[in-house]
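For clarity, every value in this text was computed on a predicted model and none was experimentally measured. In what follows, chains carry the letters A, B, and so on, assigned in the order in which the sequence lines appear, proteins first and then strands, with residues in each chain numbered from 1.
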Protein chains: 2
Amino acid sequence: MKQTLRPASGLRATASARPTIKDVAARCGVHPSTVSRALSPAMKHLVATEVADRIQAAANAIGYRLNMAAKGLRTGRSGLIGVLAPDIADPGFPPVLSGIADHLNAEGYATIVVDVGSKGSEQDLVDRLIARGVDGLVLATVSLRDDVVKHCLDAALPVVLVNRVDAAGQLPSAASDDAAGMRLAVEHLVALGHKRIGHVAGPQEISTGARRRAGFEASAKDAGLPARHTPVEIAETYTRAAGREAALRLLARRTRPTAIVAANDLLALGVYDALAARGLACPGDVSVVGHNDMPFVDMVSPPLTTVRIAQRDMGEAAARLLLARIAAPGASREHIVLAPELIIRGSTIAREH
Amino acid sequence: MKQTLRPASGLRATASARPTIKDVAARCGVHPSTVSRALSPAMKHLVATEVADRIQAAANAIGYRLNMAAKGLRTGRSGLIGVLAPDIADPGFPPVLSGIADHLNAEGYATIVVDVGSKGSEQDLVDRLIARGVDGLVLATVSLRDDVVKHCLDAALPVVLVNRVDAAGQLPSAASDDAAGMRLAVEHLVALGHKRIGHVAGPQEISTGARRRAGFEASAKDAGLPARHTPVEIAETYTRAAGREAALRLLARRTRPTAIVAANDLLALGVYDALAARGLACPGDVSVVGHNDMPFVDMVSPPLTTVRIAQRDMGEAAARLLLARIAAPGASREHIVLAPELIIRGSTIAREH
DNA sequence: TCTGCATATGCAATCGATTGCAATAACAGA
DNA sequence: TCTGTTATTGCAATCGATTGCATATGCAGA
């Protein structure tokens, strides 16, 4: 264990060196370029079948593996896709990521996921991804600050948004139909006889926050509920604590709502906290609806009625969009909208009245 | 500043082309190698300060960004780390990942996370990562099949395990002290007066499953509980459904346990399901203890008493170990063990007796 | 036998950055 | 003035794979 274990300086001729295309060529008595062709599906037709088979066999024999860095350098495409996430730990994100990654993997791409919250400026993170030569970017970041989007456009980098849209609608996106989701929630409550429905809105600089709020207001209006009976309080972040605070403000109003629609499940859990703090029962005193159907909200007490969004499909759609963009950079910006679904559980109950 | 401002030979001077080291060199009237040195902290001392500053300025001016693929090709190090995860959607994983990624990012590495469950053989996934030239691998995979580990060792690839250990203890690892965690759980229940404690064990081919079970049995024995009063049922997978089945078997025994320790929180939720199915109350009839303290188990009903493990620290430790391995491939294999902590909530209650 | 064309393979440049070595300049000491 | 250092910078090879072009071979048709 304490031998002179430092052969590191300079080269090493041990067997540990990874075989290259040259090794395969030497073993087959052909030129490296022939090996390259034989091993590339697209160019394989240029080399004699017999030779191609021999090369393939030799490659397998010595365990040859393509060096993506070299290939990428030559071809200018890395096969890498960057994903900017607001917070990996957000339970809503993994399904999206999984959808993205699966689709991209199948096409030979690898994904680099970067958690924005943790470190440095978004700008800088994007630059680092560019340095790595990513072929495209999926943005799921919380706050779509213009400069980041602009930065990507400047770099002529294919970009798509997932679970978000940008204000100008410049970029292709895959997202849930926020307005439709809120409509499901509101109409469900109205059908249950609720007439005073509050909304704990998410951050308004995030598209989901703004759009869900707009959806709530539109649906409430369409249901004939006056604005004074459909109060809105904004949570500054998508966290349980912020949801609690906003809900407390809602409950402190003169005419207390009999139901609360939260902009997402985390906020809804915060609403639970607020109700507990005020000694109110859910759904007995106040019904609650969440949004996203994140894992385990069926286990909380009471099980949360929520709007399920198609997270995995969303990721997959985003991946598809991105690949299309990469193939044809000028392609029209498409906005894929996924239909949400209402999952009724125990947190909503009819209002006898 | 010479006259030969060669108009980019064949290429068009569109803004879309990423500037290279050559462009910077041309702009400064120096050789590309000088630019390389000026821009590399380690080699900067070789170039005159005045020139270095000029180069730096020019690089900023035209927005030069290092091409990692090219650098990696030349230096043989990609700055990429692969992370093999059993399932990104497992709520226990993100904190670990976050710990890994943060630490590695700070050192200039990027991480490629691969979800094993979704696609293809683990073997193949590892090969793809190797093709990408990863400098090291973090394995958090469910089943440590020997061949994968061997495969990595064959490739002379630095590898560390996280939240797992391999049977032979060959590889460095960062994991929670499973035995200590079970001891906390058992002693807590014993202190509450429980005398018949069951265990819903995890898959035995996974280190956490086997070690937690061993820890349970050792602690039970030390507490003076006879084996017939401390039955064990194995769940084949770490899922809620499997936990339910195992718990049902436990409850069907002649002498029903008054408390159940589950090998993880997901299984514990399955235990809740089983209790509900049998019309038993928790904690009234049966107390339940989980393991991992995954997000939101404090929100379920009743809030779950569980063993919290230091997931983020675990990820960070794994990253540290890996970097050490990369720096000194022969380094001794270290096993970092993190202390767990018991979080007492509402699912455990004293046994009056 | 010669021409023509297709097929199969070799050759060499190239992608962008790094680095050992060589070359030059600047300067000190004698 | 000559020699020996040292500080800078240029040169060119290199990493591994790809690809346009040139070459060689084979075969068919005239």
Nearest-nucleotide comparison on DNA chain D, the residue closer to the 5′ end among B/T49 and A/K71: B/T49
First encountered from the 5' end of DNA chain D, between B/P32 and A/I21: B/P32
Go through [options] for me and flag the one nearest to the [X] side chain.
X: B/V51; options: D/dT9, D/dT19, C/dT19; value: D/dT9
X: A/S33; options: C/dC11, D/dA17, D/dG10; value: C/dC11
X: B/L73; options: D/dC11, D/dC15, D/dA17; value: D/dC15
X: A/Y64; options: D/dG10, D/dA17, C/dC15; value: D/dA17
X: B/M43; options: C/dC15, C/dT19, D/dG10; value: C/dT19
X: B/N67; options: C/dA8, C/dG16, D/dA17; value: C/dG16
X: A/H31; options: D/dT19, C/dA12, C/dT19; value: C/dA12

Sugar-phosphate, base or nothing in reach of A/R77, heavy atoms under 4.0 Å: nothing
Sugar-phosphate only, base, or nothing, as touched by B/V30 at under 4.0 Å among non-hydrogen atoms: sugar-phosphate
Reported CG-to-CE distance for the pair A/N163 and A/M314, which is rounded to 0.5 angstrom: 3.5 Å
A/S207 side chain vs A/V165 backbone, donor-acceptor pair below 3.5 Å: yes
B/R65 (side chain) donor-acceptor with A/R128 (main chain) under 3.5 angstrom: no
For atom [atom1] of [X] and atom [atom2] of [N], their distance in whole Å:
X: B/L46; N: D/dT6; atom1: CG; atom2: C1'; answer: 12 Å
X: A/K22; N: C/dG10; atom1: NZ; atom2: C1'; answer: 15 Å
X: B/L66; N: C/dG16; atom1: CG; atom2: P; answer: 12 Å
X: B/R37; N: D/dT9; atom1: CZ; atom2: C1'; answer: 7 Å
X: B/E50; N: D/dT8; atom1: CD; atom2: P; answer: 11 Å
X: A/R132; N: C/dG16; atom1: CZ; atom2: P; answer: 18 Å
X: B/H45; N: C/dT19; atom1: NE2; atom2: P; answer: 11 Å
X: A/M68; N: D/dG16; atom1: CE; atom2: P; answer: 16 Å

Phosphate OP1/OP2 of C/dT9 contacted by A/T34 side-chain N/O (<4.0 Å): no
Minimum heavy-atom distance between A/V134 and A/S78, given as atom pair plus value: CA-OG, 3.7 Å
A/D87 versus A/F93, closest heavy-atom pair with distance: O-CB, 4.2 Å
Donor/acceptor link under 3.5 angstrom from B/T20 side chain onto base of C/dC15: no
Test item: side-chain donor near acceptor, A/R312 and A/S98, under 3.5 Å: yes
